[in-house]
Student: 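Let me give you the structure first, and then I'll get to my questions.
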Amino acid sequence: MTLPDPFALAAAALLALGFYGFVVQRHPLRRLLAINVFGNGVFMTLILVARWMPGGPDPIPHAMVLTGIVIAVSATAMGLALVRRDLRQGDGKDGGDRD
Amino acid sequence: MILFDGVLALLIVVLAWRCVTAGDLYLGIVVFIVMGLMLALSWARLDAPDLALAEAAIGAGLLGVLLLSTWRALPGHRRQDRDHPPARKAVRWLAGVASVAFGLVMAALLHALQPDEDAAGALALGRLTEAGVEQPVTAVLLNFRSYDTLLEMGVLLMALIGALLARTPLAPYGAATDDGTDSPLIPVLATTFTPLLLLVGAFLVWAGAYGPGGAFQGGAVLGGAGVVLVLCNRLQGAPEAGILLRLLLVLGVKVFILAGLLMLPLEGAFMAYPPGLTYPIMIAIEFCLATSIAVSLLLLFTGTHGVRVPER
Amino acid sequence: MTGLAVLAALALVIFFGLGLLRIHLGPTDADRILSIQLSGTTTVAILLLLSVIVDMPALLYVALIFVLFAAVIAIAFVRNPKGGA
Amino acid sequence: MTEWVPVLVVFVPFLAGVVQFMAGRRVIAWWPVLASVATVAVSLWLTFAVAAGGGIEHFMGGWQPPLGIALRADGLATVMILLTAVVGGLVSVYALEAHGTGDPRASHFWALWLMLWGSLNALFLSADLFNIYVTLELVTLAAIPLVLLAGPEKTVTAALRYLQFALFGSLLYLAGVALTYGLAGSLDLALVGPALTDGGITGAVAATCMVVGLLVKAAVFPFHVWLPAAHGGAPAAVSAILSALVVKAAVYLLLRLWTGPLAGLADGLVAQLMGALGAAAILYGSIQAFRQERLKLVVAYSTVAQLGYMLLFFPMAVAQAWEGAVYHGLSHGVAKAALFLAAGNVLVYLGHDRVRDLKGLDRSLSVSLLAFGIAGVSIMGLPPSGGFIAKWLLLRASLETGQWWWAVVLISGGLLAAAYIFRVLRYAFLQAPDRPPATTGPIPPPIMALPATLLALLAIALGFTAAPLLALLGGLPEGTG
């Protein structure tokens, strides 16, 4: 019985919390935050996989994480532009008539 | 050190928990940014300094700035939480139970996971001499799996188009007005931090060939320089982009594709670099990529087609 | 020497956790943004120590980036681009 | 030369889109035409090359898997690329008039659509788990701005919801990929299978993450919630592309993974569950389609239903089910594009698409309505159409495997489809107009009506061309079932 890697637990917690936030939160910006938390859980999983490879950190998951971060940030940035538009319109209609 | 790791991991979990459940949207954003700091630290601990750099520059840095600015631009940003309450209690409990189960399963799996020795990564490390650069991650991104990187540049471009089509610029076009809130500190900040960011960004791009760094980290820092200029009113959104700006935006993806297609008849495979020229080609591509990334991230921040120097 | 550095890093990360209380308690937005700055500084210090402990000079770059972006975040907190909503 | 074709199929349209973006607001009329013609040409070249000589492989960068990324053009990939070429080519013709060159947003449409075309082809050809993630994101992030082209004020809420679900789905998929890489140390589809099969619970969870992520992306019931508003709100040409090709890309990946790396894990119970999701989608989507008041929403909910048929492959998993599911993908793609283009013409002419007010259109919009009716024949699965062949194959598979309950679903789905298609046609044709319809737009010119008609006729023609297409597709990959 080895002691679990604290970062493995953190990765699992990030995945679980991101999932929870995505399901529970209704505010579009909060959903984007939750998605990013989930994404960070995935990235940490990949980094752990890379680190556990015998013979040094595996560069392929690292490259995957780098690609993933850029994709996540660009998609989030686009999402934020949509959130600004969405809430501006919702505001005109006095809000609250969505969902 | 295990104690350090434990505290770090615990802090990350607490921050993530506060981030998704915070009663106040602004608090959630602040916590998200701080979580980015902690993540970068933990990735540094996990032998991934490249990724710590990327998280610091893109994940926590630029995204944090964008989140804060977006929050400020939301109409009535104080009452966002009242207008959008979370789901009903029953849903919350159900989601809670499901996510705890999901988390436990993932934790058990990750605990038991034993990657094997002949992974593709070992192969990549073994053939590093053929790749042209010393830095394994750069070799994967720009040589072994360059196709992914190329398509990723397409993702960046399309996200930018999507942000433009929403037509909600963070940096509107109107003539710059001095509304009297200009602190004397602002010119100092603009003139001090912009050159620093530019210098560090360019250095990181170049450093990517032999150490941590690379087009993405460097490009993000360069984009950060532009963001400082926008925030300090030295640059302003513009409704139209000049041909030069558009050229810079697509420079990375175009050079990448054209180089790849050129290699098709020469070397028989897309993106197969001719031996001997690998290093110069990769450095050239890296700088083109960094330029496009910097400009794309800047425009993703402003949400405008272009930027211009305001008339005073 | 390394043992001392490890202890210092551990202490800093615990201080970091204490700093989070300020974020939690607030009460104003400015308190929270200042605690981002505080955690940024602490993170930089931890990174500097780590780079010694694990002998990874690259972490100095990470620290440099944090210093720079902490400033950008501070500017973003006090300023909207002109003409903003 | 032949081994270059997969690369060209991806980068000819992609590069054309990038050039269009660089050109800015100006659209030079011949550029999209040239790009579309070139793309269709290379797609046909690929089709004939694969039909003549079997599958083509291309190693990107000259690095063989597991180090590098391979493009593999096998039968399944090739028929999907052919479908994309046919639908894409005809939608481009439609868009030349609808988005033309005068519309200020035309440049964005062409840039996004051409890049999306290349991304779809990249997705179909990809043989690498992580590369699939990147192409999925490319496809999504091109599709969402296209939805916004209808005017951000109308579609932003739909686009935002689409983005949230798509992002979450692909990250879930990526979590599965991460676990798979941990198990197998490779990302190539042909290499990860054994490690996943031997991976015990880890392999199962990895597979579950990937499959559920793709189900979200494919808008399979109950993850369909984002689809109707996005597909119904987008401009007609975009709706056609999204419904015919983009959601199908995710279903395609499900088929590809299930018959490839996940083949060793396929469990009878899970397969039945997938089939149950498909059946639920068919019934729920059809009933919703019947209840919609707006024509484009009828067609959008019909997509929710029709995607369900492709899922019926999983519980049956015999050669005929394989052929039936893929053939259903093809014929639905062609027919659905026709339906959306026809609905778009109604919208142009009337300025609205309320089903109840479609009276008296049979004179002025006869060609478009005819296209709607003909495409409807294939959606209902009546002979002699592509939809009929697909359903016939699925029906035979259900009887062959002794799972008669899927036959019940198939037949009731066809009846429900008939109900919602005829409801539209009844309002359009049978009810005598009380007064001439109040129109706001011109009668759509032939260049907008003809692509819809051609697509509809193709949906019928698919009823006669099953043999060569199924030969191109090839049999069920080995090791499935």
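Every chain is numbered from 1, with letters handed out A, B, ... down the list of sequences.
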Student: For T42(C) and L37(B), what are the C-alpha separation, side-chain angles and deciding distance, and is it a side-chain contact (heavy atoms from CB on, under 4.5 Å)?
Tutor: CA-CA 10 Å; T42(C) 319; L37(B) 302 178; over 6 Å; no
Student: What are the two closest non-hydrogen atoms of C232(B) and I75(C), and how far apart are they?
Tutor: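 Closest heavy-atom pair between C232(B) and I75(C): SG-CG2, 4.2 Å.
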Student: Where on D50(B) is there a heavy atom nearer than 4.5 Å to chain C: the side chain, the backbone, both, or neither?
Tutor: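 No part of D50(B) comes within 4.5 Å of chain C.
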Student: Would you check if W43(B) and V62(C) make a side-chain contact, meaning some heavy-atom pair closer than 4.5 Å?
Tutor: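 With C-beta onward as the side chain, the pair stays apart.
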Student: Tell me, for V30(B) versus chain C, whether the close heavy atoms (under 4.5 Å) come from the side chain, the backbone, both or neither.
Tutor: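 For V30(B), heavy atoms of backbone and side chain both lie under 4.5 Å from chain C.
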Student: Using non-hydrogen atoms and a 4.5 Å limit, figure out which bit of L15(B) sits close to chain C: side chain, backbone, both or neither.
Tutor: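 Contact with chain C is through the side chain of L15(B) alone.
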Student: What part of I23(C) gets within 4.5 angstrom of chain B, counting heavy atoms only: side chain, backbone, both, or neither?
Tutor: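 Both parts, heavy atoms under 4.5 Å.
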Student: Could you check I58(B), I33(B), V221(B), V228(B) and say which one makes a side chain to side chain contact (heavy atoms under 4.5 Å, CB included) with F69(C)?
Tutor: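 The option that passes is V221(B).
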Student: Let me confirm one number: the CD1-CZ distance from I36(C) to F32(B), rounded to the nearest 0.5 Å.
Tutor: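 If I round to the nearest 0.5 Å, the distance is 11.5 Å.
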Student: Does F16(C) reach the side chain of V34(B), with side-chain heavy atoms less than 4.5 Å apart?
Tutor: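 Result yes, sub-4.5 Å side-chain heavy-atom pair found.
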Student: Identify which part of L7(C) has an atom lying under 4.5 Å from any heavy atom of chain B, answering side chain, backbone, both or neither.
Tutor: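 Contact with chain B is absent: no heavy atom of L7(C) under 4.5 Å.
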Student: Going from CG on L39(B) to OG1 on T43(C), what distance comes out if it is rounded to the nearest 0.5 angstrom?
Tutor: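 Between L39(B) CG and T43(C) OG1, I get 11.0 Å after rounding to 0.5 Å.
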Student: Which residues in residues 201-208 of chain B have any heavy atom lying under 4.5 Å from a heavy atom of chain C?
Tutor: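 When heavy atoms of chain C are the reference, residues 201-208 of chain B contributes F203(B), L204(B) within the under-4.5 Å range.
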Student: Could you tell me which portion of V54(C) (side chain, backbone, both or neither) has an atom closer than 4.5 angstrom to a non-hydrogen atom of chain B?
Tutor: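 Side chain only.
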Student: Pick whichever of V227(B), V31(B), L62(B) has the most heavy-atom pairs under 4.5 Å with chain C.
Tutor: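 Option with the greatest count: L62(B).
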Student: Can you tell me how far the CG atom of L3(B) sits from the CG atom of L10(C), to the nearest 0.5 Å?
Tutor: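 Those atoms lie 5.0 Å apart.
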Student: If I measure from the heavy atoms of chain B, does I65(C) come under 4.5 Å with its side chain, its backbone, both, or neither?
Tutor: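 Side chain of I65(C) only, per the 4.5 Å heavy-atom cut-off to chain B.
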Student: Rounded to the nearest 0.5 Å, how far does CE of M38(B) lie from CG of L20(C)?
Tutor: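 L20(C) atom CG to M38(B) atom CE measures 7.5 Å (nearest 0.5 Å).
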Student: Heavy-atom distances under 4.5 Å only: say whether A220(B) touches chain C with side chain, backbone, both or neither.
Tutor: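 Answer is backbone: N, CA, C or O of A220(B) sit under 4.5 Å from chain C.
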Student: Restricting to non-hydrogen atoms, name the atom on L59(C) and the atom on A44(B) that form the minimum distance, rounded to 0.1 Å.
Tutor: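 Heavy-atom minimum between the residues: CD2-CB, 3.4 Å.
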Student: How about F4(B) and V6(C): do any of their side-chain heavy atoms sit closer than 4.5 Å?
Tutor: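 SC-SC contact between F4(B) and V6(C) ruled out.
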Student: Report the distance from atom CG of D24(B) to atom CZ of R32(C), rounding to the nearest 0.5 Å.
Tutor: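 The distance works out to 5.5 Å.
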Student: Please report the shortest heavy-atom distance between M56(C) and P49(B), naming the atom on each side.
Tutor: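 Scanning both residues, the minimum pair turns out to be SD-CG, 3.8 Å.
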Student: What heavy-atom pair brings L11(B) and G17(C) nearest, and what distance separates the two atoms?
Tutor: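 Distance-wise, the nearest heavy atoms are CD2-CA, 3.7 Å.
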Student: Under 4.5 Å, heavy atom to heavy atom: which of residues 44-51 of chain C reach chain B? Give them by number, or say none.
Tutor: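 So far as heavy atoms go, I46(C), L47(C), L50(C) are the residues that approach chain B to under 4.5 Å.
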Student: Ignoring hydrogens, what is the shortest heavy-atom contact between V65(B) and A76(C)? Give both atom names and the distance.
Tutor: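 Scanning both residues, the minimum pair turns out to be CG1-CB, 3.6 Å.
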